[in-house]
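To start, the structure itself, in structure tokens.
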2 protein chains.
Amino acid sequence: MGVTIKDIAKEIGVSYATVSRALNDHPDVNDDTKKKVLRISKEMGYKPNDIARGLVRQETNTIGLLIPDITNPFYPQVARGVEEAAAAAGYNVFLCNTNWNKEREKHYIDALLQKQVDGLIMTPSSEELEHLTAVLKSRVETVFVSSFIKHADFTSVIVDNVRGAEMAVEYLIEKGHQNIGFIGAGEGRFANKERLKGYKQALENHGLEVKAENVRDQQGSYKRKSGYFLMNELLKLPETPTAIFCYNDLLALGAIQAIKENGREVPQDIAVIGFDDISFASLPEIQLTTVSQPKYDMGKIALETLVDKIKTKSKQAVNRRIILDPSLIIRQTS
Amino acid sequence: MGVTIKDIAKEIGVSYATVSRALNDHPDVNDDTKKKVLRISKEMGYKPNDIARGLVRQETNTIGLLIPDITNPFYPQVARGVEEAAAAAGYNVFLCNTNWNKEREKHYIDALLQKQVDGLIMTPSSEELEHLTAVLKSRVETVFVSSFIKHADFTSVIVDNVRGAEMAVEYLIEKGHQNIGFIGAGEGRFANKERLKGYKQALENHGLEVKAENVRDQQGSYKRKSGYFLMNELLKLPETPTAIFCYNDLLALGAIQAIKENGREVPQDIAVIGFDDISFASLPEIQLTTVSQPKYDMGKIALETLVDKIKTKSKQAVNRRIILDPSLIIRQTS
DNA sequence: ATGAAAGCGCTAACAA
DNA sequence: TTGTTAGCGCTTTCAT
């Protein structure tokens with residue numbers, strides 16, 4: 001390996017404990033020796049071995065980040081927030097892409113725990129808990145992003161999904177729409193449930209009926225082709241909705257494609273609203289109306305919250321939900 | 001901490017070396033004891049401490065991945081390739097987003113080396129080497145993706161940038177364009193140079209002049225707004241090109257926006273071709289003609305090559321360039 | 001202010 | 001087949 005603390009000690013003729021102290025600028029160390037140690041270690045090109053340090057300190061300054069789909073621009077933005085905040089706080093992050101796959105998620109969690117990560121930030125692939133028992137038992141600090149698990153004692157950073165959905169659907173109603181559809185995916189997901197709830201609330205608040213055939217979230221993924229597929233189902237209905245609220249922007253993009261291929265216009269024939277406000281939503285060719293989430297901030301706050309939990313470990317074990325505000329961005333598809 | 005190897009040893013009444021052997025299924029261990037160890041450790045919920053193992057084995061089964069912009073969908077795709085191949089090979093990956101910032105890159109490299117990563121995969125922020133000396137000196141196995149450093153002995157996985165650019169520009173020439181512009185960013189970047197080279201070659205091969213004012217790669221970033229800005233410059237020219245070849249899709253998207261806002265049509269007035277084929281390029285509203293790179297495969301191959309280098313360490317230290325083929329995808333912007 | 005020594009959890013000779 | 005022991009590189013008591 002490289003230069004170790006012992007090499008430096010030998011070189012200077014002090015004990016390696018002294019070198020360690022100097023390097024960590026411990027108070028009880030002679031100024032001259034400290035300077036000397038610092039100088040020599042620079043000269044010799046010494047790099048501390050974080051692995052060894054971690055072993056004795058029982059901490060690794062490393063956290064794991066589990067996201068379900070790195071291909072959906074929403075998550076890279078969150079990841080950037082986590083990442084930059086982590087760098088600022090002196091942490092490194094292991095990125096794991098679960099692909100919404102419970103098995104992979106489980107596998108990754110195990111691997112991360114064995115790597116002794118100090119904490120975990122994750123958007124779980126589902127609300128079911130069994131595959132998360134390892135985390136629960138290990139008691140490693142965890143914060144959830146864009147997700148919330150009932151029955152479990154985790155901190156989470158989320159946007160007000162219900163409110164966001166409500167805003168979108170209310171806007172559609174104000175525009176005169178009476179027959180509004182919902183496209184989502186995976187009933188099991190927290191955020192999906194919440195946005196569906198907001199959708200229903202808005203309809204009910206305005207005396208509108210929630211039609212079962214208008215709600216499509218029983219199958220498919222959160223990707224474009226799924227939006228395309230589900231919209232096509234909706235287009236087969238005797239009374240196709242005149243507006244669609246989609247769980248996310250990717251689904252909305254797929255829905256729009258289906259609508260256009262069906263020979264109809266957006267928003268003239270059918271209006272579409274998404275969720276997330278990924279960067280591509282603002283392209284002149286797209287101009288997608290959508291509910292914006294503070295993606296970067298969610299990541300940043302998640303990391304900061306996690307670090308806080310790690311530092312104050314077991315002291316204040318109060319978990320909480322940090323809820324951020326969404327905002328409706330009106331563009332050309334509604 | 002959790003359950004350790006010693007706890008298990010105590011429980012069963014054997015030495016902890018035996019437990020270690022059983023757990024790593026070493027040949028020389030009694031079948032019964034092995035079974036017993038396995039059973040008990042499962043019961044006690046034992047998880048090996050990778051940190052400790054790494055310390056003695058002098059390997060961490062961890063690699064670092066440095067990418068310049070996680071916000072550009074090109075990199076997440078590469079990252080996915082790296083990630084999945086890594087999981088398959090039993091490695092974990094530290095993701096670091098450098099934001100094209102040399103200082104951050106340097107900082108991350110240091111951090112990764114201190115974490116004793118077994119290898120590095122990176123797209124460096126620039127071709128200059130000084131900030132990479134740490135890597136060079138540490139002799140940690142490294143493979144470059146989508147980049148190639150002259151004067152240095154690294155393996156890299158790249159697409160044939162020259163050929164890709166040539167294909168794009170030749171196609172434009174065949175379509176009758178005589179006045180073709182280039183939009184790039186950061187002259188210092190390898191890939192930028194290569195694509196510019198391909199652009200020039202294609203022009204020269206067809207007896208067309210390379211006009212300095214048509215080449216815009218001296219400033220700006222690789223992002224959309226930069227393409228927008230540079231295209232606006234081109235639009236001010238007395239003879240605005242009738243076709244533009246862009247370093248990447250993001251720049252192309254920005255250029256298209258500028259063209260449209262200028263009251264001209266794509267491709268009727270000005271044709272645009274990008275590079276990368278990010279997923280959004282295929283949206284019906286975008287239909288961007290572009291040079292496709294095998295993004296996922298680049299990541300996968302990079303990881304596999306790296307692992308190979310790690311395993312055969314110092315044996316076959318021959319570095320090479322792995323060059324993949326690009327393909328021109330003709331859509332509606334050309 | 002410094003040194004000696006223990007130990008973090010594990011693997012790997014070397015003995016037995 | 002199993003146990004003993006040293007040691008990976010570092011931090012941290014406890015002495016001095």
Side-chain angles (χ1 to χ4, degrees), chain A residues 1-38 40-41 44-62 90 110-111 113-118 138 140, chain B residues 1-38 40-41 44-62 90 110-111 113-118 138 140:
Chain A
M1 286 289 89
V3 181
T4 78
I5 211 177
K6 284 185 184 169
D7 300 326
I8 299 170
K10 205 167 291 169
E11 180 73 20
I12 310 189
V14 293
S15 77
Y16 63 91
T18 304
V19 175
S20 171
R21 278 190 278 255
L23 257 17
N24 293 292
D25 66 9
H26 189 93
D28 292 344
V29 54
N30 184 300
D31 241 29
D32 288 340
T33 33
K34 183 183 292 186
K35 270 176 201 147
K36 194 167 184 182
V37 167
L38 259 31
I40 300 289
S41 46
M44 298 179 71
Y46 169 75
K47 302 263 178 226
N49 181 332
D50 257 14
I51 289 300
R53 175 178 290 165
L55 188 61
V56 23
R57 288 226 188 123
Q58 300 286 39
E59 63 180 27
T60 53
N61 287 319
T62 292
D110 265 358
L113 292 180
Q114 293 184 194
K115 285 255 189 284
Q116 312 296 117
V117 293
D118 296 339
S138 77
V140 66
Chain B
M1 285 287 89
V3 182
T4 79
I5 211 178
K6 284 187 185 169
D7 299 326
I8 298 170
K10 204 167 292 169
E11 179 73 19
I12 310 190
V14 293
S15 79
Y16 63 92
T18 304
V19 176
S20 172
R21 278 189 278 256
L23 257 18
N24 294 292
D25 67 7
H26 188 93
D28 293 341
V29 53
N30 183 300
D31 240 29
D32 288 340
T33 34
K34 184 185 291 186
K35 269 175 200 149
K36 193 166 182 183
V37 168
L38 258 32
I40 299 290
S41 47
M44 297 179 71
Y46 169 75
K47 302 263 179 226
N49 181 332
D50 259 13
I51 289 299
R53 173 178 292 165
L55 188 61
V56 23
R57 287 225 188 123
Q58 299 286 38
E59 64 181 27
T60 53
N61 287 319
T62 293
D110 265 359
L113 292 179
Q114 293 185 194
K115 286 254 188 286
Q116 313 295 117
V117 292
D118 296 338
S138 77
V140 68

How long is the line joining [atom1] of [X] and [atom2] of [N], in whole Å?
| X | N | atom1 | atom2 | answer |
| --- | --- | --- | --- | --- |
| A:Lys10 | D:dG9 | NZ | C1' | 13 Å |
| A:Leu23 | D:dC10 | CG | C1' | 11 Å |
| B:Ile12 | D:dT1 | CD1 | P | 17 Å |

With sequence neighbours left out, write down each residue that passes side-chain contact (heavy atoms from CB on, under 4.5 Å) with [X], or none if nothing qualifies.
| X | value |
| --- | --- |
| B:Lys47 | A:Asp110, A:Gln114 |
| B:Lys6 | B:Thr4, B:Tyr16 |
| A:Ala111 | B:Asn92 |

Any donor-acceptor pair under 3.5 Å from [X] side chain to [Y] backbone:
| X | Y | answer |
| --- | --- | --- |
| A:Asn24 | A:Ser20 | yes |
| B:Thr18 | B:Val14 | no |
| B:Asp118 | B:Glu59 | no |
| A:Thr60 | A:Gln116 | yes |

Contact state string [nucleotides 4-10 of chain C, B base, S sugar-phosphate only, - no protein heavy atom under 4.0 Å]
B-BBBBB
Would you say that B:Ser41 contacts B:Leu23 through its side chain, given a criterion of any heavy-atom pair below 4.5 Å between the two side chains?
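Side-chain contact under 4.5 Å: yes.
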Taking all heavy atoms of A:Ala52 and all of B:Leu55, pick out the closest pair and write down the distance.
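Nearest pair, atom of A:Ala52 first, then B:Leu55: CB-CD1, 3.8 Å.
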Could you give the angle between the helix axes at the two ends of the helix from C:dA1-D:dT16 to C:dA16-D:dT1, with five pairs per end, rounded to 10 degrees?
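Rounded value for the end-axis angle: 40°.
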For DNA chain D, the residues among residues 28-36 of chain A that have a non-hydrogen atom under 4.0 Å from it
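Close to the strand, none.
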Tell me if the NZ atom of B:Lys36 is crowded by more than 12 foreign heavy atoms within 6.0 Å.
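Not buried by this count: 12 neighbours or fewer within 6.0 Å.
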